[in-house]
Amino acid sequence: MSEPGRLMLLDTASMYFRAFFGVPEYSAPDGTNVNAVRGLLGYIARLTEEYRPTDLVCCWDNDWRPQWRVDLIPSYKAHRVVEEVAAAPDVEEVPDPLEAQLPIILEALSAFGVRVIGADGYEADDVIGTLATGAGQPVDVVTGDRDLFQLVDDEADVRILYIGKGVGRHERVTEEWIRGKYGVTAGQYADFAALRGDASDGLPGVAGVGEKTAATLLQRFGDLDAIIAAAQDPDSQMGPGPRGKIKASLDYLAVAPAVCAVARDIDLDRSDLSLPRVPADPERVLALAEQWGLETPSERLVSVLASR
């Protein structure tokens with residue numbers, strides 16, 4: 001029986017934003033800056049060379065700010081909204097030179113034959129959560145988003161390649177890593193994030209509860225439901241300080257878990273996630289390389305794919 005191979009799931013937006021802000025500007029023949037395209041292709045080549053995945057998916061934000069999450073917590077990512085749209089995803093604040101590169105990124109990935117999967121009404125995090133759950137093979141999730149730490153599962157061989165310090169300095173996040181860093185388990189991480197909050201996502205958290213207090217509460221009581229129950233039980237061992245803070249935030253805590261937990265059960269087409277050894281459309285790869293000045297990263301990726 002053949003080995004199941006290894007699946008790599010890319011938080012694509014996390015990677016192309018990092019490339020845009022971290023890779024020097026590079027002008028295509030027509031003057032378009034293509035640093036994010038070049039950077040993303042280079043990242044894929046680098047990670048493929050190091051981890052040799054048999055399957056790879058670029059997970060996409062079809063909706064970067066799903067309405068169902070906003071309905072629960074209106075401040076969710078509100079600071080990134082440029083324009084509210086009634087019947088479609090709100091317009092996110094994205095630098096114009098990056099916005100112009102997104103169609104090129106999609107064209108290049110298509111030409112190489114790399115699967116891109118998104119789901120209407122969901123973020124890339126939710127696509128990643130669904131594909132990583134019950135994958136039946138080892139999974140590496142590449143992201144700069146700590147929210148996805150909740151997916152780490154040593155038993156199922158799901159780990160995060162965390163690029164918060166850069167792709168070249170990424171960290172392999174396992175259950176032991178999370179315990180050492182935050183004092184909670186991977187299974188507690190979503191509750192930890194709800195308690196702590198996250199200003200970058202517009203999640204207020206429980207006022208006065210930071211990482212240390214959140215970790216202490218979870219260590220003592222196990223999960224958010226038990227913490228809430230203890231806060232409301234006058235005979236529990238919870239101190240008056242945390243008790244008051246939890247009770248003052250009950251409305252927020254009633255909805256925060258649904259916002260913080262990534263979806264794991266979206267109906268997705270999981271067929272043929274395999275990473276090709278040769279580009280799906282070699283002529284298109286060459287044409288795009290010439291049109292957009294992508295020769296070096298394209299040649300590197302072609303070489304890495306062929307050597308797997």
Side-chain angles (χ1 to χ4, degrees), residues 7-49 53-64 88-89 91-120 122-125 127-128 131 142-144 163 167 268-308:
L7 171 63
M8 181 171 280
L9 301 173
L10 306 185
D11 182 355
T12 318
S14 179
M15 295 176 71
Y16 64 60
F17 266 99
R18 187 163 298 279
F20 178 74
F21 288 107
V23 174
E25 288 191 18
Y26 189 96
S27 295
D30 71 352
T32 301
N33 176 26
V34 290
N35 68 334
V37 190
R38 291 173 60 88
L40 180 62
L41 293 178
Y43 294 161
I44 293 173
R46 181 176 193 150
L47 291 162
T48 298
E49 187 172 50
T54 52
D55 306 282
L56 186 144
V57 179
C58 282
C59 301
W60 204 262
D61 278 318
N62 279 22
D63 191 340
W64 68 280
V91 179
E92 183 180 12
E93 183 179 14
V94 177
D96 289 343
L98 173 56
E99 188 79 42
Q101 297 183 63
L102 300 187
I104 308 170
I105 287 172
L106 286 169
E107 270 199 275
L109 293 173
S110 174
F112 272 102
V114 173
R115 277 293 296 274
V116 176
I117 299 181
D120 291 346
Y122 291 95
E123 301 173 52
D125 283 9
V127 174
I128 291 169
L131 293 175
V142 182
T143 185
I163 58 172
V167 174
L268 296 176
D269 177 8
R270 295 174 178 250
S271 63
D272 193 19
L273 307 182
S274 60
L275 185 62
R277 292 184 182 276
V278 295
D281 189 342
E283 291 185 5
R284 187 70 185 136
V285 168
L286 288 172
L288 289 169
E290 184 176 352
Q291 180 181 0
W292 299 111
L294 306 174
E295 289 88 353
T296 301
S298 293
E299 289 169 7
R300 170 117 195 275
L301 184 51
V302 167
S303 174
V304 167
L305 292 177
S307 67
R308 287 167 43 244

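Worth saying up front: this structure is predicted, and the values here are computed from it rather than measured.
Residues forming a side chain to side chain contact (heavy atoms under 4.5 Å, CB included) with Val116 (at least two apart in sequence, or on another chain): Cys58, Trp60, Leu106, Leu109. Ser274 is linked by a side chain to side chain donor-acceptor pair (under 3.5 Å) to Asp272, counting only residues two or more places apart in sequence or in another chain. Under the side chain to side chain donor-acceptor pair (under 3.5 Å) criterion, Asp125 pairs with no residue at all, not counting sequence neighbours. For the side chain to side chain donor-acceptor pair (under 3.5 Å) test, no residue two or more places apart in sequence or in another chain qualifies with Asp63. Here Leu98 pairs with Tyr16, Phe17, Phe20, Ala36, Val94, Pro95, Leu102 under the side chain to side chain contact (heavy atoms under 4.5 Å, CB included) rule; sequence neighbours left out. Remark: Ser110 pairs with no residue by the side chain to side chain contact (heavy atoms under 4.5 Å, CB included) rule, at least two apart or across chains. With sequence neighbours excluded, no residue forms a side chain to side chain donor-acceptor pair (under 3.5 Å) with Ser307. Among residues two or more places apart in sequence or in another chain, the side chain to side chain contact (heavy atoms under 4.5 Å, CB included) test is passed with Asp61 by Ala13, Trp64, Glu123, Ala124.
One N or O on the side chain of Arg308 and one on the backbone of Pro276 form a donor-acceptor pair closer than 3.5 Å.
Residue pairs that meet the side-chain hydrogen bond (donor to acceptor under 3.5 Å, both in side chains) test with at least one member in residues 283-302, sequence neighbours left out, are Glu49-Arg300, Glu107-Arg284. Screening residues 32-47 for side-chain hydrogen bond (donor to acceptor under 3.5 Å, both in side chains) gives Asp30-Thr32, Asn33-Asn35, Asn35-Gln101 as the qualifying pairs, with residues at least two apart or on separate chains. Pairs passing the salt bridge (charged side-chain N to carboxylate O under 4.0 Å, His left out) check and including a residue from residues 16-29, sequence neighbours excluded, do not occur.
Partner Val142 forms a side chain to side chain contact (heavy atoms under 4.5 Å, CB included) with one of Thr12, Ile163, Val167, Asp11 and no other, that one being Ile163.
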